[in-house]
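Worksheet: one structure, shown below.
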Amino acid sequence: MVLNMSELHFNKEKGCQIKLFTPGPVQVPERVLKDLAKPNNTHRSKPYFEMHQMATEGLQKVLFTKNECLLFTSSATGIMEACVRNLVKDDEKVLFFSIGAFGDRWYEIGEANGKISIKEGVEWGGAITPEFIHEVMEKDKYPVVCIQANETSTGVYNPIEQLAPVIKDYGSLLCVDATSSMAGVKIEVDKLNIDVCLASVQKCFALPPGLSVCSISQAAIDKTSEVKNRGHYFDFETLLKSNKTHQTPTTPPIPQIRGLVTQLDYMLKEEGLERRFERHTQLGKRTRIWARDMNLEMFPIKEEYCSNTVSTMKNSHNIDIAKMVETLRERGYGIVNGYGGLKNKTFRIGHMGEITINELEEMLKVLTDIIVELRS
Ligand SMILES: Cc1ncc(COP(=O)(O)O)c(C=O)c1O
């Protein structure tokens with residue numbers, strides 16, 4: 001019997017029946033689901049303060065930073081908007097380096113907030129290079145620069161460890177969207193002098209959506225105090241004030257924060273960060289080898305640009321991608337079509353969170369059969 005999508009997703013008795021290889025939200029491990037179901041105390045109680053502190057201190061370790069870390073009751077887009085509202089004065093230019101849909105989104109957020117927003121990018125499939133940064137930043141003064149680490153639409157990883165020092169040499173505040181890389185790829189915030197490094201937790205943290213996190217530097221905190229009309233809900237100053245006593249200004253998603261602590265504990269004490277990063281590297285490599293063996297061209301223009309958390313492949317065999325995704329779902333696995341304008345021209349396999357190499361192999365075997373069936 002073939003179940004329809006809603007039954008597969010929301011089976012009332014059994015919950016989700018498919019294994020997700022998606023670029024977020026991703027598969028949430030059982031141990032986290034169990035912790036999410038535990039009884040809550042209020043967010044103005046000592047147990048909550050302790051939990052909040054564990055979350056922010058754990059994040060500092062994952063990001064290799066002494067900078068304060070904040071918890072937001074929103075997805076990552078909320079912090080992207082917060083960066084624009086808190087750090088950019090009305091008469092200043094904010095520069096968005098875009099290599100895909102999420103870079104474009106950040107620029108649109110700048111525009112929507114009435115900031116003088118400049119977008120500079122390269123052809124989709126490409127990455128920002130130090131040379132490109134020089135070319136752009138020599139032209140004008142940009143007090144704030146925003147850039148993706150991993151661009152989830154194209155499956156390109158911007159080499160942030162090379163780019164951050166170049167941007168910082170121009171004296172700008174640097175905001176990095178690490179939504180689909182934080183906790184899966186090493187990002188050393190203090191070494192790279194990143195002012196805001198942000199992500200939501202439904203990707204490499206392998207948690208359900210509804211919570212996002214960031215680190216914030218003293219320079220960014222100082223700048224915030226000079227900016228007017230920062231709004232209320234995402235005001236960094238208000239959030240920082242509450243964070244001092246391990247709280248949020250408004251009611252946070254308490255179960256998700258408990259889940260975050262569970263995951264941080266697992267990453268830091270059981271798997272180990274270096275092993276976690278290495279597992280993601282291997283997942284990326286294995287997927288690219290599979291794509292090569294299947295004669296599927298990667299969407300990123302160069303091998304070195306390819307992401308280790310999400311692979312975007314071209315529809316090289318011109319098959320019905322929607323049918324491929326649906327057939328795979330019926331056989332127990334979730335992958336996704338291309339993003340936005342890349343729909344049907346590409347498809348994406350997410351390999352982030354808690355996925356193991358063996359699980360990836362199993363899914364790829366089933367996907368191989370389906371591609372062969374659809375080609376014949
Ligand atoms: C790179 C990147 N930035 C931002 C976002 C937006 O994140 P959210 O949906 O958590 O707001 C996403 C979501 O997929 C993303 O991949």
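In each ligand, atom 1 is the first atom listed, and ligand 1 is the first ligand listed.
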- What is the ring orientation for F96 with W106, classed by angle as parallel under 30°, tilted 30 to 60°, or perpendicular over 60°? tilted
- For M182 against C204, the heavy-atom pair lying closest together: O-CB, 3.0 Å
- Message: Both conditions, 6.0 Å and 45 degrees, for the charged tip of K191 above the ring of F64: are they met here?
- Response: no
- Row check, F234 ring normal vs R85 NZ/CZ: under 6.0 Å, within 45°: no
- Would you say E123 has more than 12 foreign heavy atoms packed within less than 6.0 Å of its CD? no
Nitrogen or oxygen contacts under 3.5 Å, ligand 1 side and protein side:
unit_1: ligand 1; atom_1: 3 (N); unit_2: D177; atom_2: OD1; d: 3.4
unit_1: ligand 1; atom_1: 3 (N); unit_2: D177; atom_2: OD2; d: 2.6
unit_1: ligand 1; atom_1: 10 (O); unit_2: A76; atom_2: N; d: 3.0
unit_1: ligand 1; atom_1: 10 (O); unit_2: S200; atom_2: OG; d: 2.8
unit_1: ligand 1; atom_1: 10 (O); unit_2: Q202; atom_2: NE2; d: 2.9
unit_1: ligand 1; atom_1: 11 (O); unit_2: S75; atom_2: OG; d: 2.5
unit_1: ligand 1; atom_1: 11 (O); unit_2: A76; atom_2: N; d: 3.2
unit_1: ligand 1; atom_1: 11 (O); unit_2: T77; atom_2: N; d: 2.8
unit_1: ligand 1; atom_1: 11 (O); unit_2: T77; atom_2: OG1; d: 2.5
unit_1: ligand 1; atom_1: 14 (O); unit_2: K203; atom_2: NZ; d: 2.6
unit_1: ligand 1; atom_1: 16 (O); unit_2: T152; atom_2: OG1; d: 2.3

- Task: List for me each residue that meets ring-ring contact (aromatic ring centres under 6.0 Å, His included) alongside Y339, sequence neighbours excluded, and say none if there are none.
- Result: F102
